[in-house]
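Owing to the predicted nature of the structure, the values given are computational and were not obtained by experimental measurement.
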Protein chains: 4
Amino acid sequence: MKIAMLGSGFIARFYAESLHAQRRKDKVVMVYSRSEENARRFAKDYGLPHFKTDMEAAIGHPDVEVVLIALPNHLHEEAVMACAAAKKHVICTKPLGRTAKEAKRMLDAVEQAGIFAGYLEDLCYTPKFLKSMDSVKRGDIGRVLWTKSREAHPGPHSDWFWDKEKSGGGAIIDLGCHCVEIGRNFIGKHIKPLEVMCWADTQVHPIDAEDHAIGLVKYANGAIGQFEVSWTFRGGMDLRDEVMGTEGSIWLNSFLRTGFEMFTTGKGGDGYVAEKAESNTGWLFPVGDEAHELGYPHMFTDMFQALEENREPLETFYDGYVVNAILDAALTSAQSKKWEPVILEDWRGDAPGENTVEKKSYDADHYLVKEEVLPNGDKKLILKHKKTGAITQKTTLA
Amino acid sequence: MKIAMLGSGFIARFYAESLHAQRRKDKVVMVYSRSEENARRFAKDYGLPHFKTDMEAAIGHPDVEVVLIALPNHLHEEAVMACAAAKKHVICTKPLGRTAKEAKRMLDAVEQAGIFAGYLEDLCYTPKFLKSMDSVKRGDIGRVLWTKSREAHPGPHSDWFWDKEKSGGGAIIDLGCHCVEIGRNFIGKHIKPLEVMCWADTQVHPIDAEDHAIGLVKYANGAIGQFEVSWTFRGGMDLRDEVMGTEGSIWLNSFLRTGFEMFTTGKGGDGYVAEKAESNTGWLFPVGDEAHELGYPHMFTDMFQALEENREPLETFYDGYVVNAILDAALTSAQSKKWEPVILEDWRGDAPGENTVEKKSYDADHYLVKEEVLPNGDKKLILKHKKTGAITQKTTLA
Amino acid sequence: MKIAMLGSGFIARFYAESLHAQRRKDKVVMVYSRSEENARRFAKDYGLPHFKTDMEAAIGHPDVEVVLIALPNHLHEEAVMACAAAKKHVICTKPLGRTAKEAKRMLDAVEQAGIFAGYLEDLCYTPKFLKSMDSVKRGDIGRVLWTKSREAHPGPHSDWFWDKEKSGGGAIIDLGCHCVEIGRNFIGKHIKPLEVMCWADTQVHPIDAEDHAIGLVKYANGAIGQFEVSWTFRGGMDLRDEVMGTEGSIWLNSFLRTGFEMFTTGKGGDGYVAEKAESNTGWLFPVGDEAHELGYPHMFTDMFQALEENREPLETFYDGYVVNAILDAALTSAQSKKWEPVILEDWRGDAPGENTVEKKSYDADHYLVKEEVLPNGDKKLILKHKKTGAITQKTTLA
Amino acid sequence: MKIAMLGSGFIARFYAESLHAQRRKDKVVMVYSRSEENARRFAKDYGLPHFKTDMEAAIGHPDVEVVLIALPNHLHEEAVMACAAAKKHVICTKPLGRTAKEAKRMLDAVEQAGIFAGYLEDLCYTPKFLKSMDSVKRGDIGRVLWTKSREAHPGPHSDWFWDKEKSGGGAIIDLGCHCVEIGRNFIGKHIKPLEVMCWADTQVHPIDAEDHAIGLVKYANGAIGQFEVSWTFRGGMDLRDEVMGTEGSIWLNSFLRTGFEMFTTGKGGDGYVAEKAESNTGWLFPVGDEAHELGYPHMFTDMFQALEENREPLETFYDGYVVNAILDAALTSAQSKKWEPVILEDWRGDAPGENTVEKKSYDADHYLVKEEVLPNGDKKLILKHKKTGAITQKTTLA
């Protein structure tokens with residue numbers, strides 16, 4: 001694939017390095033930046049034949065097969081519209097929009113243009129996440145009851161993140177988009193997200209948007225997708241997911257505890273440890289290959305394979321739209337202080353049915369509440385009478 | 001101390017073993033049980049001189065200096081009242097009451113009787129927790145912003161837990177009492193808990209009460225105390241706490257990952273691994289000394305020292321009452337689906353003032369949003385204009 | 001028990017705090033120190049009725065039931081002899097002697113005097129170790145093949161450790177005694193240690209003795225007890241044990257990774273984190289209750305229970321003697337650069353027999369080397385012909 | 001690159017999957033196997049245009065640019081010689097030879113032929129290892145004193161590993177080659193390995209070669225590279241490295257504890273967890289992307305980049321030869337029971353000089369042995385007199 005990169009900042013550089021690593025055959029051939037200096041520097045750093053300060057010219061260049069939007073959030077819509085107009089395939093950084101309305105306009109535009117449109121939700125492509133999804137789909141942990149996705153660090157790199165107008169908000173829009181989509185994947189994308197309860201506050205930074213939020217997304221089958229996002233965490237970048245199912249649990253730690261531990265007095269060098277690491281002395285927890293741990297290689301592989309194979313990628317603009325709708329509800333809830341419905345005018349999954357929890361019968365008259373072996377070896381059964389509701393206990397001595 | 005144990009079940013045995021371990025000088029001398037068989041067996045197992053099936057007789061026995069209530073929740077009030085009547089010092093298993101009203105009556109009774117009354121909140125006495133509190137009090141992690149306490153396992157041992165009338169509810173009353181009090185300690189007991197948002201559901205078990213709940217407790221200084229409780233977790237007993245402060249973080253794992261890891265094919269024995277362990281083959285995570293890891297030795301030491309030194313223990317009946325008030329609000333919120341106030345007719349801490357977040361000034365005109373070192377060594381400052389609110393960025397090339 | 005403490009330094013204080021904690025009924029009633037100032041200060045700090053600068057007077061005092069030797073290594077023998085002469089029960093800090101000869105004289109003296117003599121090998125009493133021993137004895141990990149015990153830190157507290165004459169050596173005598181005895185316990189104390197191979201070097205400190213050593217102890221049944229000791233480790237106190245058996249494995253981490261993790265910018269206080277912690281900012285790994293994690297409470301409980309019950313403690317002077325004999329061989333090997341025999345003139349365990357590894361037969365003609373399931377589900381058997389020795393493979397397609 | 005794969009077994013498949021993953025531009029175009037059925041199946045599975053049962057024909061095919069030797073150990077030399085004869089670039093699976101002599105003949109052949117020759121030591125290419133090497137080279141942990149590399153699992157997949165004639169030995173040649181080269185890299189490849197002490201035994205399996213071994217490699221600068229290898233470990237694949245330096249420590253866990261934890265009752269599926277996982281119920285520790293965690297992508301990237309850039313890869317045939325020489329000494333030592341010299345007729349690194357440990361002076365007359373802060377805040381200095389050797393201590397009260 002020949003790629004045009006829109007943007008030349010932190011994330012554009014991270015993308016370019018991932019794309020050009022490991023002898024991949026795809027190449028960035030064009031960069032667009034508002035600043036000619038930045039565009040030129042980027043093109044030089046990554047050996048690109050072209051750079052432009054005119055977005056349409058960058059997109060329309062005949063060498064460009066697919067456009068990668070690595071711009072601040074408030075510029076996504078304009079860029080997507082330009083791709084749709086030029087009928088160029090597009091892949092767009094998370095979050096898709098600042099609101100569901102914005103996302104919906106982008107979704108409609110790419111669908112009407114008939115172009116390929118991928119949603120760059122990298123944390124749904126980490127190797128640990130992909131392998132977890134295999135387990136969940138295989139049923140290893142039974143019916144998913146609850147997921148928790150947590151992203152917390154001391155705050156983002158670029159100025160525009162801190163500007164509510166440009167970014168669309170604070171930690172919720174920046175980090176919540178990851179966490180919500182991780183939860184949706186584990187619970188099942190076909191299950192409708194019904195309502196959201198969210199707490200948000202500005203606890204530390206002198207900004208208008210929230211720098212810390214916790215939210216619960218309730219799905220049609222009763223499962224809960226919890227998100228925890230913060231720009232106030234001290235200690236590095238905390239990226240953890242948990243899933244509880246009726247037959248098992250999964251715990252993922254993608255950054256701070258990955259089997260790489262190091263103590264240094266700091267007398268050696270003064271090196272870069274990892275994204276958002278806060279210290280370079282004492283006990284440190286580097287990651288081996290950051291791009292890999294964050295899902296970039298597998299994400300781009302899926303995107304370009306999908307494009308070549310004429311199939312949808314794992315993460316689509318429709319997914320980006322659903323995520324935005326959930327985040328909209330979260331922001332509303334943070335204000336209203338109650339559960340708020342997720343408004344999805346375009347729902348493509350299952351109709352919300354009843355969540356039927358199957359109760360385990362012990363015999364004709366009783367449900368089985370619990371069976372257990374005690375420390376002294378005694379075995380205990382706890383039963384509930386189906387009609388009277390009475391709880392009884394049967395113990396078999398060891 | 002000479003102790004009367006009220007109750008002879010799982011927790012009473014756990015207490016007795018902790019009390020008689022490690023050459024402690026305190027001794028259980030009496031056990032009361034409704035069942036004579038159980039009382040006799042318990043007295044024999046622990047070498048007690050006395051057992052009774054009459055609670056008042058047990059409490060009133062002249063050898064008894066302090067009464068330890070290890071009864072199901074619905075019997076706490078009756079037992080406390082009997083201690084107050086007999087003017088015998090009392091220490092009571094968590095939760096204090098099934099509701100704040102019940103707890104308040106117990107609190108009033110012991111205060112009027114002038115007896116010592118300790119609240120057996122063991123998880124606020126684990127060695128890790130106590131040492132964490134030292135750090136938090138010393139200011140090592142700055143201002144506490146958020147705490148998360150999680151207790152999750154496949155469900156309790158005894159039948160009465162599953163009976164809403166006897167226990168007072170489900171996972172919230174059983175486990176939430178621990179988690180709420182852990183959060184209160186970290187945030188500061190003098191800070192008033194204002195309101196609670198809680199989700200609760202019965203996801204797995206055939207019971208009336210909730211078997212899974214998540215709650216957020218908002219304190220007067222803006223801090224949030226999150227609790228996560230479940231009787232549906234698979235994998236053992238998940239006991240974890242986290243605290244985020246402006247200058248640091250603390251993560252505690254009290255049961256599943258304590259530096260003890262074991263793989264076994266299971267061909268050896270068929271032994272007891274740990275409370276609520278669900279497997280005895282494959283990778284197992286035993287704990288060295290369960291009672292210690294759960295806080296029992298330090299809890300009883302504090303209780304009896306406090307009694308001898310004529311001071312309050314770390315955990316009092318008043319604490320138990322506040323916890324019940326918070327749990328009441330949680331249950332109300334789970335129904336109303338909105339934040340609910342914590343109703344405390346008897347508040348003994350600070351008056352709720354405004355939570356004043358100090359914004360860091362960079363210079364006369366700007367707040368400092370963030371300073372950072374990028375991978376290429378560039379240094380970046382993000383500033384916010386105090387009047388216009390404009391976000392700007394200053395980069396110093398490496 | 002009423003205890004006389006011989007010594008008033010770091011370890012004596014650690015012991016006194018453990019003994020007086022948790023409402024234990026045993027009390028230190030006497031302290032002996034060469035320095036009156038130290039003796040007086042110690043007695044004051046721990047509320048002792050007596051202090052002495054005359055060792056015999058301290059031991060002989062009628063209030064004293066048991067003597068706890070907390071002196072530097074070169075003074076153990078003198079103190080043990082004084083206890084034997086006074087017929088006072090004695091418990092002695094590790095290592096028992098500086099050499100096996102010294103240890104043997106102490107062993108003989110206490111046995112001839114008929115006094116109780118316990119060897120204070122605390123790391124064989126940590127709760128994790130004790131619970132591991134239960135598993136190993138129950139057969140959970142099958143036949144023990146190899147153990148590794150590691151103790152490494154930046155170097156000891158007191159000056160005399162660094163003085164080869166007083167301590168008897170360097171890291172081997174200081175730390176190796178722990179590691180060797182941990183291995184002996186796991187492998188079985190009745191199995192004879194036959195020979196030792198050891199590397200030792202002075203890599204960092206300006207001292208005569210070794211500050212780093214690795215040794216292998218070969219036992220009569222073919223099992224290997226590996227020890228890794230160092231005074232050059234950076235990062236705190238690294239206390240880890242591993243055991244491999246034919247049916248399982250055990251990994252213990254007693255200090256650096258026990259489920260207590262903390263990040264701090266260090267702006268709060270300037271507190272003590274843990275023994276030999278090297279930093280108080282960044283990621284720290286405190287332990288909840290150091291004495292407990294190091295085995296002191298369980299050690300003293302066993303010692304005094306044993307004394308009262310007229311049985312041997314888990315760790316005896318005979319064990320101390322065997323450990324010294326193994327360490328002697330290690331030091332010889334470090335010089336000779338070859339395996340050296342463990343010289344035990346007094347061996348009380350099993351006679352060394354042949355180590356008979358039972359080979360698993362697959363059928364009359366073949367041994368089973370391995371059976372395995374491959375990623376594609378194929379099942380594979382690897383067999384060895386009993387007579388020809390030919391290796392063959394049978395694959396069953398999935 | 002267009003690659004001919006020699007071999008079609010487990011490792012050949014693992015290589016092919018890594019090479020064709022992540023949109024890499026390099027392609028396997030040819031497979032050679034002794035069995036036509038296997039060759040045909042392999043070519044079909046990976047979409048290769050060619051397969052052969054004649055090794056020379058496979059190597060000599062005009063489409064082939066580089067030959068990847070994925071054959072059992074006893075066939076490496078023949079294959080390398082064929083590449084040299086055909087002047088085709090070659091990359092060869094570890095270990096290079098079964099002995100240093102065999103490796104030396106291969107080294108000489110490729111050097112005389114002037115072809116590119118890479119040594120496929122994948123574990124020196126894992127992302128964690130590469131990032132650790134950056135730290136070590138930058139001086140973050142000071143002077144390296146000791147390294148430990150451990151590889152242990154229940155035994156290899158294919159029959160030929162268990163046949164001493166074909167493989168060249170047991171766990172030492174199979175796994176020790178990884179561990180030795182990891183140690184060499186950390187200590188410095190220019191530092192001469194001088195001698196080796198090794199214990200080896202056949203503890204479990206009915207085979208002639210060792211299934212468990214521990215070795216120490218002493219380098220000219222006094223550093224020790226320890227290896228621990230076993231085919232008897234229960235619990236999966238234990239891949240851990242440790243490095244101790246004067247200013248820090250590094251701990252790597254590449255397989256069993258990488259931040260991916262899962263509990264399952266096993267009621268879901270019956271899936272493949274990870275290479276050499278021994279269980280699919282209970283607590284499991286999968287890895288996200290096995291090939292990545294084992295270093296394959298980074299290894300092939302370095303190999304092909306080096307070939308294109310006309311430079312040496314990180315791991316060369318010369319490295320393979322040095323590793324074989326060290327393993328030869330290990331096997332000799334396991335027999336002789338003493339340290340054995342590493343025989344390197346062709347040494348290309350630094351001449352072995354004296355290892356000069358710089359002693360830290362405190363003042364003109366004293367060396368500084370240690371400085372420390374005690375729990376009570378007292379500060380302590382331990383000094384050694386340069387002439388008399390006397391150890392003294394200075395304490396500053398807090």
Can you tell me which of [options] forms the most heavy-atom pairs within a distance under 4.5 Å of chain C?
options                            : answer
G248(B), G288(B), G142(B), P297(B) : G288(B)
E247(B), R240(B), E242(B), E261(B) : E247(B)
R257(B), M1(B), K137(B), Q22(B)    : Q22(B)
M262(B), E293(B), H292(B)          : H292(B)

Side chain, backbone, both or neither of [X] within contact of chain C (heavy atoms, under 4.5 Å):
X       : value
R24(B)  : both
L130(B) : neither
S254(B) : neither

Bottom line for R23(C): the part with an atom under 4.5 Å from chain B's heavy atoms is both
One option among N253(C), I250(C), T258(C), D241(C) has the most heavy-atom pairs under 4.5 Å with chain B, and it is T258(C)
Looking only at F260(C), W283(C), F263(C), F129(C), the option with the highest number of non-hydrogen pairs under 4.5 Å against chain B is F260(C)
Within residues 302-311 of chain B, contacts to chain C at heavy-atom distances under 4.5 Å involve F304(B), Q305(B), E308(B)
Closest non-hydrogen contact found for L256(C) with G236(C) is CD2-CA, 4.4 Å
Note: S132(B) and K128(B) closest approach over all heavy atoms is OG-O, 2.7 Å
Side chain proximity check, [X] to [Y], heavy atoms < 4.5 angstrom:
X       : Y       : result
Y125(B) : L314(B) : yes
N185(C) : E315(C) : yes
V144(C) : V243(C) : yes

With distance as the sole criterion, is a donor-acceptor pair present between the side chains of S135(C) and D140(C) under 3.5 Å?
yes
Under the 3.5 angstrom rule, does the side chain of H89(C) hit a backbone N or O of V67(C) as a donor-acceptor pair? no
| query | Checking R150(B) against F227(B): charged group under 6.0 Å from the ring centre and within 45 degrees of the axis? | reply | no
Taken to the nearest 0.5 Å, the spacing of D134(C) CG from R138(C) CZ works out to 6.5 Å
Item to complete: Could you walk me through whether K2(C) and D26(C) pass the salt bridge (Lys or Arg N to Asp or Glu O under 4.0 Å) test, one step at a time?
Response: CA-CA 6 Å; K2(C) 285 178 280 181; D26(C) 311 300; over 6 Å; no
Y15(B) meets the ring-ring contact (aromatic ring centres under 6.0 Å, His included) criterion, sequence neighbours left out, with Y296(B), F300(B)
